[in-house]
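In this chain, residues are counted from 1 in sequence order. Note that the structure is predicted; figures quoted are calculated from it, not measured.
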Amino acid sequence: MNDDLPLGRRVAYLGSYDPSVLRTIERRTARERIGIGDPLPFLGEDVWNCYELSWLEPSGLPRVGVLTLRFPVDSLRIVESKSVKLYLGGFSGSKFEDSAAVGSTIKDDLSRKTGSAVEVTVGDLDDVRHLGDFTTFRLDHLPISVHCHEPSPELLAATGNIGRDAVHTHLFRSVCPVTGQPDWGSIAIAYRGRLLDRTSVLRYLVSYREAADFHESVTERIFIDLNRTTDATELTVDARFLRRGGIDINPYRSTARSRAPVVRLPRQ
C-alpha cells in the first residue's frame, strides 16, 4: 500500500487549486493478486460522480456543478478518492473563466496522473440525472442462510444448463482496506453461460461483507470468479457504490465494448 495516501489520515483542506495533492494507485498490483494479466479479460470503465464541486467566477461569484469522471479500464493507475476530494476542494477558492475551463483543467491533471485519457464532464445541476434502479431480477428476498463473510467463489453453483440470466442485489458491502470503514453498494450481473443457481449468487455476493479491497478490485474479482464458474461467452458486472466525501464510484466490467449505463440508484 502506498504510504503517501491521505486516506485514513488527518489532513488540511486546500484553499486553492493544487494538483500536487493527487495520489495514485497502480492497477497492476491488485490485478496480479487475482491472476489478471495482459491482455485484460474485460473491457469497461470506472465512473465517478462528484457532487461537491465549486469554483469562483472571475468576479468572485461562486458556481457549483456535478462532475462526472470516466476512467478507462486499461489506465495504468487509479486515483485515490480522498486525494481527489482534497484536490476538488481547492477549486472552491480559485477563479476559472467558466465550467469548460474547470473541466479542461481536471481532465489534464487526471489524465496525466493515471496515464490514460480521462473523460470529464462538468454538468449543471439542472442536468443531474433522475433516480433509477436496476430492472433485472432482485436477489435480496431469496431465502438463504449465510455463514461466510469472506469472498468464497466455491459458493457459486452452476446448474449445468446453458442460458442467460440477469440479476442484482442491494445488499452488497465490502470494507476499505485502509480505514476498515464499510463500503456499501449494489451489484448487477448479466451473463450468458452455464446458469448459476440464484441463491448461490446471493450467498457469494454477501460473502464479500468483510472483504478489504478497493471498489475496482472487488468488482474485478467478482468478474473473474463468475467468468470461471459460468464459462461465460458474455458477462457484465456493474457495481454502484454509495458516496464517500461527495463521490460515488461505479466500476463497470464487461466482455462487450460498451459504456456504463447512466443511472443513479436511490441510495446514491
Side-chain angles (χ1 to χ4, degrees), residues 34 36 40-49 68 70-73 129-146 148-149 151-174 183-209 211 213-242 248-268:
I34 55 174
I36 297 177
L40 294 175
F42 43 65
L43 304 168
E45 59 184 358
D46 299 324
V47 182
W48 293 33
N49 298 303
T68 298
R70 290 180 176 267
F71 299 92
V73 74
R129 58 197 175 281
H130 297 295
L131 293 175
D133 204 346
F134 296 132
T135 58
T136 55
F137 179 83
R138 183 174 172 182
L139 299 169
D140 300 357
H141 303 298
L142 295 177
I144 65 169
S145 297
V146 178
C148 181
H149 287 157
S152 304
E154 62 271 16
L155 293 173
L156 293 167
T159 65
N161 298 319
I162 302 298
R164 294 181 182 272
D165 201 10
V167 299
H168 71 274
T169 180
H170 295 306
L171 304 182
F172 193 82
R173 194 193 86 158
S174 55
D183 289 324
W184 304 98
S186 300
I187 305 286
I189 296 163
Y191 68 96
R192 184 183 188 282
R194 298 171 62 209
L195 289 173
L196 298 169
D197 179 271
R198 284 175 169 176
T199 61
S200 79
V201 177
L202 182 57
R203 286 192 186 91
Y204 166 72
L205 293 175
V206 170
S207 77
Y208 277 80
R209 199 164 181 82
D213 219 333
F214 293 114
H215 302 329
E216 299 86 354
S217 300
V218 165
T219 306
E220 292 178 0
R221 184 169 181 175
I222 292 171
F223 183 98
I224 293 299
D225 288 345
L226 290 170
N227 198 33
R228 288 172 177 166
T229 306
T230 63
D231 295 322
T233 55
E234 301 172 23
L235 174 60
T236 295
V237 178
D238 187 356
R240 307 272 167 161
F241 287 90
L242 275 60
D248 64 52
I249 298 177
N250 308 282
Y252 181 83
R253 303 292 182 267
S254 180
T255 56
R257 190 173 297 279
S258 59
R259 290 163 63 90
V262 178
V263 62
R264 181 161 64 97
L265 301 184
R267 292 190 300 163
Q268 292 183 305

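- Here Tyr252 contributes atom OH and Arg259 contributes atom CZ; the two are 11.0 Å apart, rounded to the nearest 0.5 Å.
- Under the side-chain contact (heavy atoms from CB on, under 4.5 Å) criterion, Val167 pairs with Phe137, Leu139, Asp165, Ile189, Arg198, Val201, sequence neighbours left out.
- Between atom CZ of residue Arg138 and atom OG1 of residue Thr169 there is a gap of 7.5 Å, rounded to the nearest 0.5 Å.
- Contact detail for Arg267 and Ser186: the closest heavy-atom pair is NH2-OG, 3.5 Å.
- Asn250 and Gln268 form a side-chain donor-acceptor contact under 3.5 Å, judged by distance and modelled atom types alone.
- Here the straight-line distance linking atom CD1 of Ile249 with atom CZ of Phe214 works out to 9.5 Å at 0.5 Å rounding.
- Smallest separation of non-hydrogen atoms from Ser254 and Ala256: OG-N, 3.0 Å.
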For residues 218-227, tabulate all N or O donor-acceptor pairs below 3.5 Å that involve a side-chain atom, not counting sequence neighbours.
from: Thr219; atom 1: OG1; to: His215; atom 2: O; distance (Å): 2.9
from: Glu220; atom 1: OE1; to: Arg31; atom 2: NE; distance (Å): 3.0
from: Glu220; atom 1: OE2; to: Arg31; atom 2: NE; distance (Å): 3.3
from: Glu220; atom 1: OE2; to: Arg31; atom 2: NH2; distance (Å): 2.7
from: Glu220; atom 1: OE2; to: Arg253; atom 2: NE; distance (Å): 3.0
from: Glu220; atom 1: OE2; to: Arg253; atom 2: NH2; distance (Å): 3.1
from: Asp225; atom 1: OD2; to: Tyr204; atom 2: OH; distance (Å): 2.7

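- Contact detail for Asp140 and His168: the closest heavy-atom pair is OD1-O, 4.1 Å.
- With hydrogens and angles left out, the side-chain atoms of Thr159 and Asp197 include no donor and acceptor closer than 3.5 Å.
- Closest of all the heavy-atom pairs between Ile187 and Ala239 is CD1-CB, 3.5 Å.
- Residues that satisfy the side-chain contact (heavy atoms from CB on, under 4.5 Å) test with Glu234, not counting sequence neighbours, are Arg164, Arg192, Thr255.
- Nearest heavy-atom pair across Asp248 and Phe241 is CB-O, 3.2 Å.
- In this structure, Ile36 and Pro41 approach most closely via the heavy-atom pair CG2-CD, 3.7 Å.
- In this structure, the side-chain contact (heavy atoms from CB on, under 4.5 Å) partners of Asp133, at least two apart in sequence or on a different chain, are His170, Leu265, Pro266.
- With sequence neighbours excluded, no residue satisfies salt bridge (charged side-chain N to carboxylate O under 4.0 Å, His left out) with Glu216.
- Residues passing the side-chain contact (heavy atoms from CB on, under 4.5 Å) test with Thr230 are Tyr191, Leu196, Ala232, sequence neighbours excluded.
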